[in-house]
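The structure appears right after this line, and notes come after that.
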Amino acid sequence: MNERIRADFPITATVIYLDSAATSLTPEPVVEAVSRYYREYNANVGRGVYRLAQIATQRYQDAHCKVARFLGTTGGEIIFTKNTTEAINMVAYGLHWQRDDEVVTTLLEHHSNFLPWMRLKEQGVRVKIVKPTQEGRFELVEFEQAITEKTKMVAVSQVSNVLGTIVPVKELAALCAEKRTETGPLVLVDGAQSAPHCPLNVAGLGCDFFACAGHKMLGPTGTGVLWVRDPELLEPALFGGGMIETVSQDAYTLAGGYERFEAGTPHIAGGIGLGRAVDYLNNVGMAQISKYEARLTQQLLEGLDGIKKVRVYGPSELRDRIGVVSFTVDGVHPHELARMLDEVANIMVRSGHHCCMPLMDYLGLKNGTVRASLYLYNTGEEIDALLEAVEAIARAV
Ligand SMILES: Cc1ncc(COP(=O)(O)O)c(C=O)c1O
């Protein structure tokens, strides 16, 4: 990637930021789009008839359309949420559950795609957990065995936020389609780690719900997305202003479109900023971003592989993974390693359980890992700096 892209992310001039899986940096055009809303046309959306309100409403609507195009969705509804977690909870809360319904999920999941389903146990819903290999891979046959006529939901991540493994969600959705009855299984894909890095065609995935995080794909914090194939499947989680057609003393009718699911004043500036973020990603080109990151990932994996006392987790083949790379150094607590990388080399990486405690237990990593996660603004020199620092620390312990 070129210097112009680096210049759009001023933080890259001050630190080596390798924690994009947690939240990405925000490019200047997105910051600009957010501040233009506040400076030039700050008004609520979907309400006023005056000019400013009309402009804000139009831009906010446009942002939904941009995100729909970015995700490759053709029908259904794009709903703006505050993050991936909210998007997944909206599905868990919005479906009608019955005792003995079943949810199939996996041990690879972020807590955000785990706890909303676990919570349903209180309503008598059974949660089945499919286990991956140590590298985060699955055999479809294990899903086949887990899915029964009672399975109402299959909820999986498209990419692991710990191991970087790409999960074959399209094949899984096809399997679910074969087994589909009137009651399920519906398929939810947690795209928090895939949407920022992989060219996507959500319509072609065959899922019913797709959740992702605007703040992990160059958008402002406080932004997330839920795509719903059939909005009629879902009851809104929140009720109030902005999401109704009519209200009387004893009845109401719901609005159509995304408004039905976005009760109250939404994060207008955030939504508009997210629209600008996907423009930015499109301008660079998702295929190009993915290719560029693969080169950096290879450099990182090969480098880590050559350092004594370093253990790397997740698949070694590039075709099976993205640039989310977990590793440990024998004898160094991951938090200590992350702190040292900050202090000695100005490098920002995440450490700990990465909101995946069940997976960490399963992998026998009670202290978790250090995770370096890349994005389009990182460079080969930054990867070298990380490798050098890890090597020096590993040599010293
Ligand atoms: C795979 C995955 N799912 C869900 C989440 C939760 O995302 P958010 O913080 O946007 O709620 C994350 C965050 O790291 C994630 O990596």
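Only a predicted model underlies this, so the values are computations on that prediction, with no experimental measurement involved. Both ligands and their constituent atoms are indexed starting at 1 by order of listing.
Of all atoms in ligand 1, numbered sequentially from 1 with element shown, those under 4.0 Å from a heavy atom of Asn161 are 16 (O). Applying the 4.0 Å criterion to heavy atoms of His215 picks out, from ligand 1, the atoms 8 (P), 9 (O), 10 (O). Of all the atoms in ligand 1, the ones that sit under 4.0 Å from a non-hydrogen atom of Ala213 are 10 (O). Those atoms of ligand 1 with a heavy atom of Ser112 less than 4.0 angstrom away are 4 (C), 6 (C). Interface atoms of ligand 1 facing Lys216, defined by a heavy-atom separation under 4.0 Å, are 7 (O), 12 (C), 13 (C), 14 (O). With ligand atoms numbered from 1 in the order given, ligand 1 contributes 14 (O) to contacts under 4.0 Å with heavy atoms of Ala21.
The salt bridge (charged side-chain N to carboxylate O under 4.0 Å, His left out) contacts involving residues 207-229 comprise Arg180-Asp208, Asp208-Arg229, where partners must be two or more places apart or lie in separate chains. For the salt bridge (charged side-chain N to carboxylate O under 4.0 Å, His left out) condition, no pair includes a residue of residues 24-34, sequence neighbours left out.
A donor-acceptor pair shorter than 3.5 Å can be found between the side chains of Thr369 and His354.
Among the atoms of Asp190, some N or O lies under 3.5 angstrom from an N or O of ligand 1. Residue contacts with ligand 1: Ser157 is placed with no nitrogen or oxygen under 3.5 Å of a nitrogen or oxygen of the ligand (distance criterion only).
The closest approach between any non-hydrogen atom of Ala22 and ligand 1 is not below 4.0 Å.
A salt bridge between Arg319 and Glu317 is absent, with no side-chain N of the basic residue lying under 4.0 Å from a carboxylate O of the acidic one. In summary, Glu142 and Lys131 do not engage in a salt bridge, as defined by a charged side-chain N under 4.0 Å from a carboxylate O. Under 4.0 Å is where a charged nitrogen must lie from a carboxylate oxygen, and between Arg339 and Glu336 at least one such pair does.
Atom CE of Met90 and atom CD of Glu86 lie 6.5 Å apart (nearest 0.5 Å).
For atom 7 (O) of ligand 1, the closest heavy atom belonging to the protein is Thr84 OG1, 3.2 Å. Closest to atom 16 (O) of ligand 1, if we only count protein heavy atoms, is Gln193 NE2, 2.6 Å. The shortest contact between atom 11 (O) of ligand 1 and any protein heavy atom is with Thr85 OG1, 2.4 Å. Of the protein's heavy atoms, His110 CD2, 3.3 Å lies nearest to atom 15 (C) of ligand 1.
Seen from the ring of Tyr37, Arg59 does not count as a face-on cation partner, given the 6.0 Å and 45° thresholds.
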Should Tyr60 and Phe80 be marked as a ring pair (Phe, Tyr, Trp, His ring centres under 6.0 Å) after you check the CA-CA gap, both sets of side-chain angles, and the distance that decides it? CA-CA 10 Å; Tyr60 188 65; Phe80 283 177; 5.6 Å; yes
